[in-house]
Amino acid sequence: MIWIIMRVAFRELKGALTRSLLTMLGVVIGVAAVVAMVSMGEGAKQSVIRNIQNLGTNLLIIRPGLLEQRHVRRAPAETLLMDDAALIKRYVPHAVAIAPSSSKQAQVKFGSQNTSTSIIGVSPEYLFVRSFSVEEGRFFNTADISGARRVVALGTEVVKKLFAGKDPLGRYVKINNINFLVVAVLAEKGEVGWWNADDQALVPITSFQQRLFGGKHLQEISIALDSEDALDYGKEMVINILRKSHKIRKGAEDDFHVRTQLEILKSMEEITRTMTLLLGGIAAISLLVGGIGIMNIMLVTVTERTKEIGLRKALGARRMDIMKQFLVESAVLSSVGGVIGILLGAVAAFAIASFTEWKTFVSPKSVITAYSVALFVGVFFGWYPAWKAAKLNPVDALRRE
């Protein structure tokens with residue numbers, strides 16, 4: 001029975017092909033928009049997760065707390081010191097490497113070229129902890145740190161902007177009008193979340209504090225542990241060490257934050273998931289518009305086929321048979337539109353990835369969801385016209401001109 005109804009539905013839709021295509025257009029655009037937008041969100045999510053995982057999942061990140069101004073937390077407090085890093089290195093048994101760091105935005109100049117980039121003061125362990133590597137030259141050693149030497153390692157983006165194909169090694173760049181010798185070029189890393197890891201300049205942490213920006217406080221201490229299993233124990237030990245070092249009374253709030261890389265990864269997953277849902281929700285509005293278009297056309301179809309409905313009822317068709325007929329026609333409209341929309345959405349996602357730097361990923365889940373919603377929209381908005389057709393009185397329907 002259902003196959004006969006579907007065959008009749010396709011025949012009716014084919015008979016008014018232009019109108020059917022125009023009716024589908026809303027669903028096509030809606031599904032294509034959902035698939036394309038969700039693919040952008042999924043691509044961003046996978047890119048962020050992959051980049052964070054590349055840094056390692058066995059990391060502890062310590063940052064200072066926030067200062068309160070008029071009971072509102074605003075600027076980061078200055079609570080972390082090199083002594084804190086030394087204590088952690090001494091008393092946390094699972095710590096493989098510890099990398100204290102601080103960063104500021106500043107101009108880097110070479111000749112007539114200049115660029116604004118992140119200047120990060122680091123220790124030699126920074127490369128290991130943050131999974132960076134040197135492409136050319138050599139990285140800082142203990143002599144560079146103890147002597148606060150004016151040496152710098154540049155990211156590939158900074159090299160491109162300043163040197164335009166020239167070899168940067170052995171040349172001097174100015175940071176805050178102070179000459180620094182380029183001793184290394186970092187290997188390309190790409191974006192980590194919303195931060196471009198290649199657009200940075202690394203200097204010894206002592207040079208950062210003593211020669212460039214002053215101060216003795218740190219903005220971050222990164223700790224690489226020997227395994228993920230040690231994260232919870234390591235975090236607890238770090239908290240206890242820092243509370244004791246900072247003389248924080250029992251019951252008082254910490255003046256620092258300790259987060260594991262896994263916690264950061266989960267937070268980023270939540271953010272990108274929310275962004276994906278938001279993009280998909282905005283795009284789904286056009287599906288609603290498409291559904292209203294289907295309902296409108298189906299109401300017109302019921303009016304045009306009133307005599308046919310009356311004749312079918314006179315020949316013994318039940319209300320349910322009439323409802324099925326119009327619901328199937330509505331579902332066919334939305335499902336065919338959904339298939340076309342999925343194909344257009346996948347093409348759009350591919351085009352976005354090809355012509356922009358935005359990563360996209362068309363997941364089977366998003367395709368199935370978009371198609372299911374399109375089918376639901378067709379049935380939902382087709383129900384009222386089908387119900388209206390089913391309740392027609394056969395005698396009145398046959399009399400209508």
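Basis for what follows: all heavy atoms, side chains included, without hydrogens, waters or symmetry-related copies.
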Is a donor on one side and an acceptor on the other found under 3.5 Å between the side chain of [X] and the backbone of [Y]?
X      : Y      : answer
Arg243 : Ala252 : yes
Ser133 : Ala187 : no
Arg211 : Ala148 : yes
Arg149 : Ile145 : no
Asn141 : Ala143 : yes
Thr206 : Ser146 : no

Closest heavy-atom pair and its distance - [X], [Y]:
X      : Y      : answer
Pro100 : Leu218 : CB-CD1, 3.5 Å
Val35  : Gly345 : CG1-C, 3.8 Å
Gly121 : Ile205 : O-CD1, 3.4 Å
Val134 : Ala184 : CG1-CB, 4.0 Å
Gly234 : Leu225 : CA-CD1, 4.4 Å
Phe140 : Ala153 : CZ-N, 3.9 Å

Please report the C-alpha distance between Leu169 and Val183 in whole Å, then the side-chain angles of each, then the deciding distance to 0.1 Å, and finally whether the side-chain contact (heavy atoms from CB on, under 4.5 Å) criterion is met. CA-CA 6 Å; Leu169 294 182; Val183 295; 5.8 Å; no
Let me confirm one number: the [atom1]-[atom2] distance from [X] to [Y], rounded to the nearest 0.5 Å.
X      : Y      : atom1 : atom2 : result
Asp198 : Leu154 : CG    : CG    : 11.5 Å
Leu60  : Ile221 : CG    : CD1   : 11.0 Å
Thr156 : Asp199 : OG1   : CG    : 9.0 Å
His94  : Leu231 : NE2   : CG    : 10.5 Å
Ile175 : Arg150 : CD1   : CZ    : 11.0 Å
Gln107 : Thr115 : CD    : OG1   : 7.0 Å

Contact check, side chains of [X] and [Y], non-hydrogen atoms, under 4.5 Å:
X      : Y      : result
Leu127 : Leu186 : yes
Leu181 : Val152 : no
Glu157 : Thr117 : no
Leu80  : His217 : no
Ser39  : Phe361 : no
Thr360 : Phe350 : no
Asn114 : Lys161 : no
Pro93  : Met237 : yes

For the ring pair Tyr172 and Phe180, is the centre-to-centre distance below 6.0 Å? no
Below 30° counts as parallel, above 60° as perpendicular, anything between as tilted: where do the rings of Phe208 and Phe213 land? tilted
Using 30° and 60° as the class limits, which term best fits the ring planes of His246 and Phe256: parallel, tilted or perpendicular? perpendicular
Carboxylate-amine/guanidinium proximity below 4.0 Å for Lys89 and Asp84: no
Inspect the contact between Lys160 and Glu188 and indicate whether a charged nitrogen and a carboxylate oxygen are less than 4.0 angstrom apart. no
Under the salt bridge (Lys or Arg N to Asp or Glu O under 4.0 Å) rule, what do Arg138 and Asp144 come out as? Steps first, then yes or no, please. CA-CA 11 Å; Arg138 57 94 181 169; Asp144 294 323; 2.5 Å; yes
Member of Ser102, Ser103, Ser101 meeting the side-chain hydrogen bond (donor to acceptor under 3.5 Å, both in side chains) criterion with Gln219: Ser103
Taking [atom1] in [X] as the centre, count heavy atoms belonging to other residues, nucleotides or ligands within less than 6.0 Å. Is the count above 12?
X      : atom1 : value
Glu135 : CD    : yes
Asp232 : CG    : no
Arg90  : CZ    : no

Would you please test Leu344 and Val28 for side-chain contact (heavy atoms from CB on, under 4.5 Å) and show each step? CA-CA 8 Å; Leu344 287 179; Val28 170; 3.5 Å; yes
Using the rule side-chain contact (heavy atoms from CB on, under 4.5 Å), only one of Val122, Ile120, Ile119 pairs with Gln200; which is it? Ile120
Carefully, step by step, assess Lys174 and Val108 under the rule side-chain contact (heavy atoms from CB on, under 4.5 Å). CA-CA 6 Å; Lys174 287 184 180 292; Val108 181; over 6 Å; no
Val27 vs Val31, test: side-chain contact (heavy atoms from CB on, under 4.5 Å). Steps then yes/no. CA-CA 6 Å; Val27 175; Val31 171; 4.1 Å; yes
Taking it one step at a time, do Glu220 and Arg130 satisfy salt bridge (Lys or Arg N to Asp or Glu O under 4.0 Å)? CA-CA 12 Å; Glu220 185 175 282; Arg130 288 294 186 171; 2.6 Å; yes
